[in-house]
There are 2 protein chains.
Amino acid sequence: MPGKPNDPPRPTDAELEILTVLWDRGPSTVREVQEAVARRKPTQYTTALKLLQIMAEKGLVRRNEKQRAHVYEAGRPREWTQRQLAGDLLLRAFGGSAKSLVLGALSAHRTSPEELAEIRKLLDKYEKGEE
Amino acid sequence: MPGKPNDPPRPTDAELEILTVLWDRGPSTVREVQEAVARRKPTQYTTALKLLQIMAEKGLVRRNEKQRAHVYEAGRPREWTQRQLAGDLLLRAFGGSAKSLVLGALSAHRTSPEELAEIRKLLDKYEKGEE
DNA sequence: AACATACTACGAAGAGCTTCGTTTGTCAAG
DNA sequence: CTTGACAAACGAAGCTCTTCGTAGTATGTT
């Protein structure tokens with residue numbers, strides 16, 4: 001049931017980077033998030049803080065204020081958000097054609113035979129399980 | 001070779017809608033684009049015009065000024081842009097895992113067995129062709 | 001108690017996105 | 001030649017995103 005009133009909105013680029021950190025690390029303080037993000041891209045502490053505050057308002061993250069250093073965690077599991085994003089792009093850019101999306105992904109970067117095999121397994125599962 | 005200096009940037013949501021119209025219709029005037037877009041979403045003529053002008057500056061569309069009513073066409077083929085977008089999302093949200101992206105797409109909306117079969121054909125092709 | 005340290009909160013700037021109203025230019029019909 | 005229709009161009013407003021500086025507040029150390 002996508003699009004419920006309290007579903008968080010699609011995360012922006014910077015927000016997605018932060019969510020990725022939270023998914024990888026689990027609940028984290030602003031400092032921890034900032035240090036992780038800064039490893040890939042110079043980022044001020046207050047920038048990370050502000051982002052997290054806004055994300056909390058949007059419902060993208062949850063905040064625990066028990067400690068002096070508030071602890072943030074992702075509001076939705078990684079898979080949930082990935083499904084949102086994939087579904088969103090599927091509709092916006094691929095006219096709902098999953099085939100086109102897969103083609104786009106495969107042609108965008110070389111995929112190993114092992115991964116192709118895993119994708120095949122996925123297809124099997126979806127052919128059996130979901131009628 | 002993604003990321004060449006003159007590659008157009010990732011289109012925004014509104015821009016993607018317009019590109020879709022251009023891909024579907026081929027080269028079109030502003031009026032034609034506006035009417036097509038307005039069918040799905042109330043849109044003023046000047047809004048479509050401004051968008052197209054900005055998109056021309058960005059290189060997302062090309063403009064032919066031979067006629068009084070300028071004729072716009074997509075700067076890149078649909079497949080090229082789709083590859084960009086899929087690759088971009090693959091990196092930003094899926095850590096480069098094509099398998100995760102496929103899983104996200106499949107779980108986002110029910111996919112017919114026919115389409116699953118077509119996707120399987122795609123995989124075959126990629127297993128043979130690209131070593 | 002005073003001080004240094006670490007944290008949150010707030011405000012604002014600068015850029016980009018989207019929309020629209022107004023102006024300017026062009027063409028053709030009366 | 002004037003008028004009406006239609007097109008491009010321009011400018012600006014309102015919004016979001018991203019960033020950062022500054023101020024205020026709590027904690028712990030000497």
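The structure presented is a predicted model; accordingly, all values stated were derived computationally and were not measured. Basis for what follows: all heavy atoms, side chains included, without hydrogens, waters or symmetry-related copies. Order of the sequence lines sets the chain letters (A, B, ...), proteins ahead of strands, with each chain counted from 1.
Residues B:Val21 and B:Glu32 fail the side-chain proximity criterion, which asks for heavy atoms closer than 4.5 Å. Between A:Pro27 and A:Asn64, every side-chain heavy-atom pair lies at or beyond the 4.5 Å cut-off. B:Ile18 has its side chain out of reach of B:Tyr72: every pair of non-hydrogen atoms, C-beta onward, lies at least 4.5 Å apart. Side-chain atoms of A:Leu106 and A:Leu116, non-hydrogen and from C-beta on, do get closer than 4.5 Å to each other. Within the 4.5 Å cutoff, no side-chain heavy atoms of B:Arg10 are placed close to those of B:Leu16.
For the contact set between residues 52-59 of chain A and DNA chain D, defined by any heavy atom under 4.0 Å, the members are A:Ile54, A:Lys58. Listed by residue number, A:Val30, A:Arg31, A:Tyr45, A:Thr46 are the residues of residues 21-46 of chain A with a heavy-atom contact under 4.0 Å to DNA chain C.
Taking a 6.0 Å sphere around CD of B:Glu65, one finds it holds more than 12 heavy atoms contributed by other residues, nucleotides or ligands.
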Between the protein and nucleotides 11-15 of chain D, which nitrogen or oxygen pairs come in under 3.5 angstrom?
unit_1: D:dG11; atom_1: N7; unit_2: B:Lys50; atom_2: NZ; d: 3.4
unit_1: D:dG11; atom_1: O6; unit_2: B:Lys50; atom_2: NZ; d: 3.3

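In this view, A:Ser100 and A:Ser97 satisfy the side-chain hydrogen bond (donor to acceptor under 3.5 Å, both in side chains) rule, not counting sequence neighbours.
In this structure, A:Asp13 places its CG atom 11 Å from C1' of D:dT18, rounding to the nearest Å. Regarding B:Arg10, its CZ atom lies at a distance of 13 Å from the P atom of D:dC17, rounded to whole Å. Here the P atom of nucleotide C:dT24 and the CG atom of B:Leu49 are 17 Å apart, to the nearest Å. For the pair B:Leu51 CG and D:dA9 P, the computed distance is 15 Å after rounding to whole Å. Taking atom NE2 on B:His70 and atom P on D:dC6, their separation rounds to 17 Å, with Å as the unit. Distance OH (B:Tyr72) to P (D:dA8): 6 Å, rounded to an integer number of Å.
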Just list the side-chain donor-acceptor pairs under 3.5 Å for residues 43-58 of chain A, sequence neighbours left out, or say none.
unit_1: A:Thr43; atom_1: OG1; unit_2: A:Lys41; atom_2: O; d: 2.7
unit_1: A:Lys58; atom_1: NZ; unit_2: A:Glu15; atom_2: OE2; d: 2.6

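Across all non-hydrogen atoms, the minimal contact from B:Leu22 to B:Glu73 is CD1-C, 4.0 Å. Closest approach of B:Arg76 to B:Pro8, counting heavy atoms only: NE-CD, 3.5 Å.
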Nucleotide-resolved protein contact map, nucleotides 25-30 of chain C, B/S/- at heavy-atom distance under 4.0 Å: BBS---
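At the heavy-atom level, A:Thr47 lies under 4.0 Å from base atoms of the strands shown.
Closest approach to the A:Ala69 side chain among D:dA8, C:dC7, C:dT18 is made by C:dC7 (side chain taken as heavy atoms from C-beta onward).
Between A:Glu35 and A:Arg25 there is no salt bridge, since no side-chain N of the basic residue sits under 4.0 Å from a carboxylate O of the acidic one.
For the side-chain contact (heavy atoms from CB on, under 4.5 Å) with B:Tyr126, the lone residue among A:Ile119, A:Leu103, A:Thr111, A:Val102 that qualifies is A:Leu103.
Between the side chain of B:Glu118 and the main chain of A:Lys99, no donor-acceptor pair closer than 3.5 Å is present.
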